[in-house]
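Accompanying notes for the structure given below.
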Amino acid sequence: MPELAFFRHGEELLRVALGDRTAIGRAPDCDVSLPDPALSRVQAIVERRADGFHLVDRSGRGTRLGNAEVAEAPLTDGAEVALGAWRALFRAAPHAGEEPTHAGQTQLRQSATPAEAAPPARLRIKEHGRERWQLVPRAGLTVGKAAGNDVVLGDPFVSSRHLRIEPRAGRWHLADLGSTNGTLLGGARVERAELPFGLPLRLGDAELVLEPPVVPEAARPSVFEQMVSRDPGMRRVFDMIDRVAPSDAAVAILGDTGTGKELVARALHTRSPRAAAPFIPVNCSAIAETLIESELFGHEKGAFSGAERMRKGAFEEAHGGTIFLDEIGELPFDLQAKLLRTLELGEVKRVGASRPITVDVRVVAATHRDLRAQVRAGRFREDLFYRLCVVPVTVPPLRQRRDDVRLLAETFLAASAPRGLALRWSEEALARMDAYDWPGNVRQLRNVVQRALLFRGEGQVVPASAVVFEDTRSASGDTGDDDTLYVRGLTMEELEREAIRLSLRRHRGRRSAVVRELKIAKSTVLKRIGQWSLQDEGRFPGQPGDDEA
């Protein structure tokens with residue numbers, strides 16, 4: 001059957017079978033509604049005539065077909081129609097066993113034979129912050145609010161019989177059943193379209209995703225709520241986010257600076273029932289001690305010098321949503337008791353106020369410090385530690401995610417490259433980044449990529465000479481962290497921890513080498529490593545233990 005394949009940013013997002021008349025535009029009542037302000041409400045119509053399909057412009061400005069703006073023109077097999085940020089390719093008659101067809105830089109997938117059965121599938125259903133799965137029968141299923149549907153949704157914006165998912169020509173297709181609020185596939189409103197695996201299908205506030213019955217680890221998408229990774233350790237973080245997000249339990253995100261702890265916090269908020277409410281981040285290390293109480297809890301007019309008006313604090317601003325307390329380990333000790341009271345009673349008291357205010361807030365905290373060591377040193381309250389660490393989530397550093405370096409470098413390069421330039425890394429540049437230990441983690445890698453864009457010179461290949469690190473360490477063979485031990489402001493316990501941590505890094509995690517260098521008893525070194533969770537410090541994935549090293 002003739003069809004239009006729609007692409008955005010080079011990625012095919014949906015296919016629409018063509019009837020006698022198919023309207024395309026940004027109006028919700030179009031057969032294909034594309035959310036693009038560059039389009040008219042009805043941009044164009046594709047009509048079936050005796051001699052084939054024709055494109056008819058309805059914008060009055062012309063619609064680009066190939067390299068020309070046309071008011072009306074016949075569509076030939078492989079013709080490309082420009083629709084704002086979208087591209088549509090016309091396919092007249094797919095044939096079985098045909099090689100993929102190219103039109104410009106856009107590639108069409110191989111078509112299935114009419115006799116081929118649609119592949120087995122399950123439907124992932126996300127509704128009200130919860131997720132469930134349902135196998136799709138061979139004959140398809142219906143989705144809607146009424147009890148007689150195969151998939152029943154409780155969303156008030158879903159129609160009684162909203163849509164049907166059905167097999168056709170060896171593929172799964174969706175058909176909107178005249179719903180009131182429409183069906184969005186990949187951001188475009190459609191009446192009938194092919195439904196590929198992995199593309200989000202939105203009905204009201206509910207989201208459906210068609211996927212294979214069991215998704216292999218290697219086939220899982222590498223992007224999760226703006227975080228890019230294929231590493232098993234990060235996969236465990238993603239799974240933990242999905243498991244914890246629907247609850248109101250306090251979460252403590254632990255990890256080195258630059259690993260993306262705020263992205264984890266935002267993902268917890270986005271996938272929670274509080275997603276429509278505010279997400280308020282507070283950096284506890286960036287606020288003066290004299291102002292942090294006012295920042296968190298607010299103040300009344302005249303409460304102190306300079307308080308010329310009443311001001312809500314971060315907890316009040318986040319009412320109904322999530323507050324993210326970044327660098328919670330830097331919170332002054334005297335404020336920790338007030339924070340604990342807020343967490344336990346759900347109340348805040350503005351500076352200068354006589355009565356507390358009730359707030360409904362989900363608390364997510366983050367720190368790069370070892371909070372247990374802070375508790376033992378008397379610098380962090382033990383009761384607050386246990387109240388914040390109901391669910392600890394540890395984000396692995398980039399040096400333990402070696403396979404992610406290239407993936408992230410290519411992702412950042414594509415996002416930062418000037419429009420219209422298809423830049424790529426040279427193999428030498430990628431090898432140079434692979435060999436580096438990334439003490440600044442993902443944040444440092446992004447900075448290195450942006451700097452490389454400035455130093456790349458001419459051409460579309462970024463050379464190794466453009467990859468410049470912030471320090472003088474070698475890209476291979478040297479330590480992955482600063483060997484200087486800064487003692488100012490450290491307790492004796494923190495000093496000992498840093499000495500062991502840096503020695504582990506210098507010797508790639510070999511305990512025997514640490515014992516020889518620091519001249520500390522082996523039993524003490526092993527005890528401290530377990531006490532401070534330094535088991536993976538300096539090691540790379542798959543590295544053998546001391547007996548094998």
request  = Just do the side-chain contact (heavy atoms from CB on, under 4.5 Å) check on L408 and L398 with the steps written out, would you?
outcome  = CA-CA 10 Å; L408 287 166; L398 190 55; 3.8 Å; yes
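- In this structure, D383 pairs ionically with R381, as a charged nitrogen and a carboxylate oxygen lie closer than 4.0 Å.
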task = Tell me, with the steps shown, if I357 and K349 meet side-chain contact (heavy atoms from CB on, under 4.5 Å).
result = CA-CA 6 Å; I357 301 169; K349 190 175 180 182; over 6 Å; no
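- Minimum heavy-atom separation, L423 to L453: CD1-CD2, 3.4 Å.
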request  = Apply the test ring pair (Phe, Tyr, Trp, His ring centres under 6.0 Å) to residues F224 and F238: give CA-CA distance (whole Å), side-chain angles for both, the deciding distance (0.1 Å), then the verdict.
outcome  = CA-CA 7 Å; F224 180 93; F238 298 162; 4.5 Å; yes
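- When the options E330, K261, E327 are evaluated for a side-chain hydrogen bond (donor to acceptor under 3.5 Å, both in side chains) with H368, the one that passes is E327.
- Residues S285 and N283 bring a donor and an acceptor atom of their side chains to less than 3.5 Å of each other.
- Taking a cutoff of 4.0 Å between a charged side-chain nitrogen and a carboxylate oxygen, R266 and E262 qualify as a salt bridge.
- With hydrogens and angles disregarded, a donor-acceptor distance shorter than 3.5 Å links the side chain of R432 to the backbone of V467.
- The aromatic ring centroids of F412 and W425 lie 6.0 Å or more from each other.
- D205 and K126 are not joined by a salt bridge, as no carboxylate oxygen comes within less than 4.0 angstrom of a charged side-chain nitrogen.
- A donor-acceptor pair shorter than 3.5 Å cannot be found between the side chains of E537 and W532.
- The residues R350 and E293 are annotated as not salt-bridged, no charged nitrogen and carboxylate oxygen being separated by less than 4.0 angstrom.
- For the residue pair S179 and D176, a side-chain donor N or O sits within less than 3.5 Å of a side-chain acceptor on the partner.
- Ion pairing between D360 and R274 holds under the 4.0 Å rule for side-chain N and carboxylate O.
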